[in-house]
Amino acid sequence: MIIHILTLFPKMFTGPFGESIIKRAQEKGLVEIKIHNLRQWAIDKRGTVDDRPYGGGAGMVLRIEPIYNALKDLTNNWLKKNQKIILLTPRGKTFNQKKARQLAKIQEIILICGHYEGFDERIKKFVDEEISLGDFVLTGGEIPAMAITDAVVRLLPGVLKKEEANQIESFSPGLEKIVNSSPQPQASNLKSQVYIEYPQYTRPEEFLGLKVPQVLLSGDPKKIKEWQKKQIINKK
């Protein structure tokens with residue numbers, strides 16, 4: 001997979017993408033993350049990428065030409081297949097694990113980070129979808145780009161040491177199977193369910209009077225699985 005990130009602040013990504021799982025995924029060649037400075041496609045030698053909004057208002061708006069030209073180059077004049085262009089904006093659909101799994105199947109992704117007062121609205125004609133990290137305001141799209149990249153990369157085959165790690169975890173279909181594994185499952189709409197993984201414990205068995213549940217120390221796989229199933233939370 002290749003992930004392109006268009007940003008005005010490329011140095012922001014150095015730390016997050018140079019550590020832990022993301023770093024190892026790049027070293028293994030499982031993902032290539034390319035950070036592009038939007039000023040590379042500026043409209044003049046001064047590196048201008050923004051301007052005052054028509055109609056007045058506080059702040060500056062990213063111009064359409066630099067973003068359009070960047071997308072034109074990165075898509076090879078719009079000829080690339082299995083590529084998705086995503087605009088990171090508060091107006092987009094809220095990102096979730098289902099969307100992360102969908103994006104993990106895409107060969108090439110372009111994430112466009114907004115800044116200042118946002119984008120010239122016309123750029124939306126040249127993107128595939130808009131995504132938001134949530135109903136709150138951030139300085140720019142860099143943090144959402146980091147979060148989306150992290151969520152997607154960890155789902156790629158070979159990234160995690162144990163493939164089942166992302167099969168039985170919060171928001172995963174694997175938890176639905178556990179919850180509905182009884183002989184006579186309820187005929188509810190499973191697609192609307194959002195499950196949170198059961199709690200985990202490790203050594204020591206007791207800390208300041210706080211004890212590990214006895215069932216987890218029993219060594220009985222059947223009882224442990226029954227306990228874990230009961231602890232799964234339906235978030236909705």
Side-chain angles (χ1 to χ4, degrees), residues 1-38 74 80 82-89 92-115 128-134 136 138-179 193-203 212 216 228 231-233 235:
M1 168 180 275
I2 300 175
I3 299 178
H4 300 275
I5 299 177
L6 274 174
T7 174
L8 290 176
F9 302 96
K11 291 182 180 179
M12 288 183 66
F13 297 89
T14 302
F17 292 166
E19 301 288 344
S20 190
I21 291 175
I22 303 296
K23 178 183 178 181
R24 293 197 296 269
Q26 293 179 85
E27 291 174 343
K28 290 180 180 179
L30 300 174
V31 64
E32 186 177 359
I33 302 175
K34 298 184 177 183
I35 312 298
H36 305 278
N37 191 331
L38 185 59
L74 296 178
K80 287 188 178 181
N82 198 19
Q83 185 181 63
K84 187 173 286 290
I85 303 172
I86 299 171
L87 193 66
L88 302 174
T89 167
K93 292 184 178 180
T94 303
F95 184 70
N96 56 27
Q97 190 67 10
K98 181 179 179 180
K99 174 55 66 174
R101 292 184 182 278
Q102 292 173 353
L103 294 179
K105 299 177 182 178
I106 304 296
Q107 183 178 344
E108 199 165 349
I109 298 172
I110 300 175
L111 300 173
I112 309 173
C113 302
H115 214 75
D128 297 306
E129 63 179 301
E130 301 172 51
I131 289 180
S132 169
L133 203 59
F136 50 89
L138 293 170
T139 304
E142 284 74 20
I143 291 176
M146 295 174 196
I148 292 170
T149 298
D150 185 279
V152 170
V153 169
R154 67 185 301 278
L155 294 175
L156 299 178
V159 170
L160 299 183
K161 291 182 179 180
K162 295 182 179 180
E163 290 296 325
E164 64 269 22
N166 58 35
Q167 298 301 317
I168 306 297
E169 64 178 357
S170 297
F171 312 110
S172 71
L175 288 186
E176 284 190 1
K177 292 180 181 179
I178 292 176
V179 171
Q193 307 305 303
V194 177
Y195 295 107
I196 304 299
E197 190 179 0
Y198 45 79
Q200 305 276 11
Y201 297 84
T202 188
R203 294 181 179 83
V212 174
L216 298 179
Q228 290 173 336
Q231 302 303 312
I232 294 173
I233 298 174
K235 195 173 182 180

Taking the side chain as C-beta and beyond, is there a heavy-atom pair between L8 and C113 under 4.5 Å?
no
Tell me every residue that passes ring-ring contact (aromatic ring centres under 6.0 Å, His included) with F9, counting only those two or more places apart in sequence or in another chain.
H115
Note: T94 and G134 closest approach over all heavy atoms is CG2-CA, 4.4 Å
Heavy atoms of other groups near K80 NZ, more than 12 under 6.0 Å
yes
Once rounded to the nearest 0.5 Å, what's the spacing between atom CD1 of I110 and atom CD1 of I85?
4.5 Å
Are M146 and M12 side-chain neighbours, meaning at least one heavy-atom pair lies under 4.5 Å?
yes
Short N-O contact, E129 and K84, less than 4.0 angstrom:
yes
Quick one: salt bridge (Lys or Arg N to Asp or Glu O under 4.0 Å) pairs with a partner in residues 20-37, sequence neighbours left out?
E32-K34
Find the distance between CD1 (I35) and NE2 (H4) and round it off to the nearest 0.5 Å.
10.5 Å
Closest approach of I22 to P16 (non-hydrogen atoms, all atoms of both residues):
CB-O, 4.3 Å
Between CD of E197 and OH of Y195, what distance do you get to the nearest 0.5 Å?
14.5 Å
Tell me, yes or no, whether the heavy-atom count around L138 atom CG, taken from other residues, nucleotides or ligands under 6.0 Å, exceeds 12.
yes
Considering all heavy atoms of both residues, which atom of A100 and which atom of V152 are nearest to each other, and what is their separation?
O-CG2, 3.9 Å
For residues 140-150, pull every pair meeting side-chain hydrogen bond (donor to acceptor under 3.5 Å, both in side chains), keeping only residues two or more places apart or in separate chains.
T7-E142
Report the distance from atom CG of L88 to atom CD1 of I112, rounding to the nearest 0.5 Å.
8.0 Å
Identify the two heavy atoms, one from V159 and one from A25, that lie closest to each other, and give their separation to 0.1 Å.
CG2-CB, 4.0 Å
I want to check something: taking the side chain as every heavy atom from C-beta on, are L103 and I86 in contact at a cut-off of under 4.5 Å?
yes
Under 3.5 Å donor-acceptor, Q26 side chain and F17 backbone:
yes
Euclidean distance, I106 CD1 relative to I2 CD1, rounded to 0.5 Å
13.0 Å
Can you find a pair of side-chain heavy atoms, one from I109 and one from I148, that are under 4.5 Å apart?
no
Would you mind reporting whether Q102 and K98 have side-chain heavy atoms less than 4.5 Å apart?
yes
Given side chains that start at C-beta, do those of L155 and Q97 come closer than 4.5 Å, heavy atoms only?
yes
For the CG atom of L111 and the CD1 atom of I33, what is their distance to the nearest 0.5 Å?
10.0 Å
